[in-house]
Amino acid sequence: MKAAVMRAPNAPLEIEDVELDDPGPGEVLVRTVASGICHSDLTVIEGGLPVPPPTILGHEPAGIVEAVGEGVTEVSEGDHVIGCLTSWCGVCKFCTGGRPYLCPTQFAGRPEGSKSRLTSSAGDPIFQFANLSSYAEKMLCPQRSLVKIRDDMPLDRACLIGCGVTTGIGAALNTVDIPAGASVVVVGLGGVGLSALQGARIVGAGKIIAVDTQPWKFSLAKDLGATECVDATEGDPVAAVHALTGGGADFVFECIGLVPTVQQAVAMTGRGGTTVLVGVVPITETVSISAADLTLQEKKITGSYMGSNRFRFDMPKYIEFYLDGRLHLDEMISSRIELGEINEAFDRMRKGEAARQVILYE
Ligand code: APR
Ligand code: ZN
Ligand code: ZN
């Protein structure tokens with residue numbers, strides 16, 4: 001099968017012929033129908049998250065089950081599925097405590113010493129990213145990386161729910177409790193931010209202020225529920241948010257993962273408000289913030305990982321939101337491309353020229 005292989009950081013991905021092993025116990029072979037391109041993959045390519053090359057990135061897929069391994073009972077051939085990187089074990093304290101997205105085994109892969117799920121045409125192992133590696137025509141995944149979805153849900157939109165949409169909407173629906181009428185700011189209007197914004201609308205937030213450096217995103221943000229937009233390249237976006245909210249917002253979602261925008265997000269948060277850090281800041285960097293500001297104004301800061309998801313429960317629900325018209329996905333897709341155009345897609349992402357880009361296979 002064809003796959004886009006990351007051979008080294010900071011280099012273009014290479015389209016290669018790659019082999020997949022047969023499904024082992026608990027494993028499922030999925031034909032990838034569509035994969036969204038998420039910013040975290042670019043973070044890996046640029047060295048901000050350590051993943052050993054050679055690897056196949058891609059973690060926002062939807063596809064159709066082709067075959068199942070021994071003991072697989074949760075999906076069967078022909079099922080339409082979404083893949084999610086937060087695979088779960090079902091028995092640890094996080095899984096049994098209701099927060100399976102924190103399961104420490106989520107990236108475990110096959111047991112030590114087993115054959116690699118992915119190998120190059122020369123027979124060398126290729127590291128599978130997040131049990132998925134969706135920049136490839138097929139995926140071999142644990143059954144607990146997959147959720148079966150309705151057959152009538154278009155897979156090119158379903159894939160977005162695999163990461164970006166779940167990360168953003170879940171930050172608003174699961175990580176924090178937003179009372180109806182509360183003021184919300186979303187910093188960064190990529191797939192993740194636009195989904196957080198839609199989550200804020202769905203729960204009945206009051207003002208929803210969208211902040212970005214690319215003004216072309218504002219009409220899209222307004223269509224999706226933003227009541228105001230702030231161009232971060234024109235003056236101080238913190239001052240703009242304070243002016244619009246009378247001293248800072250109740251909830252601020254940072255959906256980029258940059259040190260300055262994390263600092264801005266805390267500063268945009270009003271007295272008693274909550275900053276939600278959704279974007280992943282490169283692990284090599286630290287962020288300095290005023291602790292006194294937190295104490296004296298009782299601000300809270302929380303991280304939000306993968307939309308605090310229980311994806312077997314959440315993703316079918318988000319599909320219902322799409323099909324009943326509450327969650328807009330069509331508008332978020334700026335282009336549908338072939339696998340061979342993936343490097344150009346990352347270039348567009350670097351320049352901020354894209355909303356969500358989706359690879360369609362076949
Ligand atoms: N101020 C405001 N907006 C900015 C700034 C800035 N200084 N810099 C970039 N942006 C905007 C971009 O213009 C773009 O609209 O942030 C948005 C980022 O969108 P994408 O690159 O599409 O990223 P996305 O896939 O949504 O992921 C965002 O969430 O899951 C994490 O690791 C992921 O850190 C990433 C973040
Ligand atoms: Zn992602
Ligand atoms: Zn677990």
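Numbers here are sequence positions counted from 1. Any value given below was found using the heavy atoms of this structure, including those in side chains, with hydrogens, waters and symmetry copies removed. Just so you know, these numbers come straight off a predicted model, no measurement behind them.
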_Does L173 form a side-chain contact (heavy atoms from CB on, under 4.5 Å) with Y318? I'd like the steps, not just the answer._
CA-CA 11 Å; L173 266 56; Y318 300 154; 4.1 Å; yes

*Please step through ring pair (Phe, Tyr, Trp, His ring centres under 6.0 Å) for the pair F311 and W88, ending with a clear verdict.*
CA-CA 10 Å; F311 71 84; W88 86 102; 5.6 Å; yes

_Apply side-chain contact (heavy atoms from CB on, under 4.5 Å) to residues C89 and R144 and explain how you reach the verdict._
CA-CA 8 Å; C89 78; R144 290 206 169 153; 5.9 Å; no

*asked:* Let's go through F218 and V230 carefully: what are the C-alpha distance in whole Å and the side-chain angles of both, what is the deciding distance for side-chain contact (heavy atoms from CB on, under 4.5 Å) to 0.1 Å, and is it a yes or a no?
replied: CA-CA 8 Å; F218 294 155; V230 170; 5.9 Å; no

_Candidate pair E66 and R31, rule salt bridge (charged side-chain N to carboxylate O under 4.0 Å, His left out), full reasoning_ = CA-CA 6 Å; E66 277 204 346; R31 178 164 62 82; 3.8 Å; yes

_Run T269 and T275 through side chain to side chain donor-acceptor pair (under 3.5 Å) and show every step you take._
CA-CA 6 Å; T269 306; T275 315; 2.8 Å; yes

*Using the salt bridge (charged side-chain N to carboxylate O under 4.0 Å, His left out) rule, take D21 and K115 through it: C-alpha gap first, then chi angles, then the decisive distance, then the call.*
CA-CA 8 Å; D21 198 18; K115 185 177 172 201; 3.4 Å; yes

*CA sep, side-chain torsions, deciding dist, call: R7, E16, salt bridge (charged side-chain N to carboxylate O under 4.0 Å, His left out)*: CA-CA 11 Å; R7 289 266 157 208; E16 296 181 19; 2.8 Å; yes

*Run the salt bridge (charged side-chain N to carboxylate O under 4.0 Å, His left out) check on E74 and K148 step by step: do they pass?*
CA-CA 8 Å; E74 297 167 13; K148 177 176 155 57; over 6 Å; no

*Where do V68 and E77 land on the side-chain contact (heavy atoms from CB on, under 4.5 Å) test, with the steps shown first?*
CA-CA 7 Å; V68 301; E77 194 185 328; 5.9 Å; no

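With rounding to the nearest 0.5 angstrom, the SG atom of C141 is 5.0 Å from the CG atom of L146. In this structure, CZ in F251 is found 8.0 Å from NZ in K300, a value given to the nearest 0.5 Å. Rounded to the nearest 0.5 Å, atoms CZ (F94) and CG (L102) are 6.0 Å apart. Here the CG-CE distance, from D314 to M306, works out to 10.0 Å after rounding to the nearest 0.5 Å. To the nearest 0.5 Å, atoms OG (S133) and CD (Q128) are separated by 4.5 Å. In this structure, CD on E27 lies 9.5 Å from OG on S145, to the nearest 0.5 angstrom.
N309 and T86 are linked by a side-chain donor-acceptor pair at a separation below 3.5 angstrom, with hydrogens and angles left out of the test. Side chains of E254 and T261: a donor on one and an acceptor on the other come within 3.5 Å. Looking only at atom types and distance, the side chain of D250 has a donor-acceptor partner in the side chain of S183 under 3.5 Å away. Defined by atom type and a distance below 3.5 Å, a donor-acceptor pair is missing between the side-chain atoms of Y101 and R310. Between the side chains of T32 and S134, no donor-acceptor pair is found at a separation under 3.5 Å.
A donor-acceptor distance shorter than 3.5 angstrom exists from the side chain of S195 to the backbone of G191, with no hydrogens or angles considered. Of the possible polar contacts, one joining the K207 side chain to the L244 backbone as a donor-acceptor pair under 3.5 Å is found. With hydrogens and angles ignored, the 3.5 Å screen pairs no side-chain donor or acceptor of E19 with any backbone N or O of R117. In this structure, the side chain of E137 does not engage the main chain of Y361 through any donor-acceptor pair within 3.5 Å. Listed for the E298 side chain is no donor-acceptor partner under 3.5 Å among the backbone atoms of T295. Within the 3.5 Å criterion, the main-chain N or O of V238 finds no donor-acceptor partner in the side chain of Q264. When atom types are taken as modelled, the side chain of D212 and the backbone of Q214 share a donor-acceptor pair closer than 3.5 angstrom. Judged purely by atom type and a 3.5 angstrom limit, N131 uses its side chain to pair as donor or acceptor with the backbone of Q106. With hydrogens and angles disregarded, a donor-acceptor distance shorter than 3.5 Å links the side chain of T96 to the backbone of C92. H242 places a side-chain N or O within donor-acceptor distance of the main-chain N or O of A267, the cut-off being under 3.5 Å.
For the residue pair K217 and G190, the shortest heavy atom distance occurs at NZ-CA, 4.1 Å. Looking at every heavy atom in both residues, A345 comes nearest to Q357 through O-NE2, 2.8 Å. Residues Y135 and S35 share a closest heavy-atom pair of CE2-OG, 3.7 Å. Nearest heavy atom pair, residue L360 against residue A34, reads CD2-CB, 3.9 Å. N174 and S308 get closest at one heavy-atom pair: ND2-O, 3.3 Å. Scanning both residues, Q143 and G71, for their nearest heavy atoms gives NE2-O, 3.9 Å.
Note on L160: it does not cluster hydrophobically with M349, by side-chain heavy-atom contacts below 4.5 Å among ILVMFWY residues. Under a hydrophobic-cluster definition in which Ile, Leu, Val, Met, Phe, Trp and Tyr are linked whenever side-chain heavy atoms come within less than 4.5 Å, directly or via other members, V165 and I37 are assigned to different clusters. Hydrophobic clustering keeps I209 apart from V176 (ILVMFWY residues linked when any side-chain heavy atoms are closer than 4.5 Å, directly or through intermediates). Follow the hydrophobic side-chain contacts under 4.5 Å out from L85 and you never reach V33; the two are in separate clusters. Both M153 and M315 are part of a single hydrophobic cluster, where members link through side-chain heavy atoms under 4.5 Å apart.
Here E320 does not pair with R326 in a salt bridge; the nearest charged N to carboxylate O distance is not below 4.0 Å.
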Name every donor-acceptor pair, under 3.5 Å, that has one atom in a side chain of residues 47-59 and the other anywhere in the protein, sequence neighbours excluded.
residue, atom, partner, partner atom, Å
T55, OG1, F127, O, 2.9
H59, ND1, D41, OD1, 3.0
H59, ND1, D41, OD2, 3.4

Got a list of side-chain donor-acceptor pairs under 3.5 Å for residues 219-229, not counting sequence neighbours?
residue, atom, partner, partner atom, Å
T227, OG1, I208, N, 2.9
T227, OG1, I208, O, 3.1

Enumerate donor-acceptor pairs with a distance under 3.5 Å from any side-chain N or O in residues 286-294 to protein atoms, sequence neighbours excluded.
residue, atom, partner, partner atom, Å
S290, OG, D293, N, 3.0
D293, OD1, Q297, NE2, 2.7
D293, OD2, K299, NZ, 3.0

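Under a cut-off of 6.0 angstrom, the local environment of CZ in R348 is crowded, with over 12 non-hydrogen atoms contributed by other residues, nucleotides or ligands. Around atom CD of E338, no more than 12 heavy atoms belonging to other residues, nucleotides or ligands sit under 6.0 Å away.
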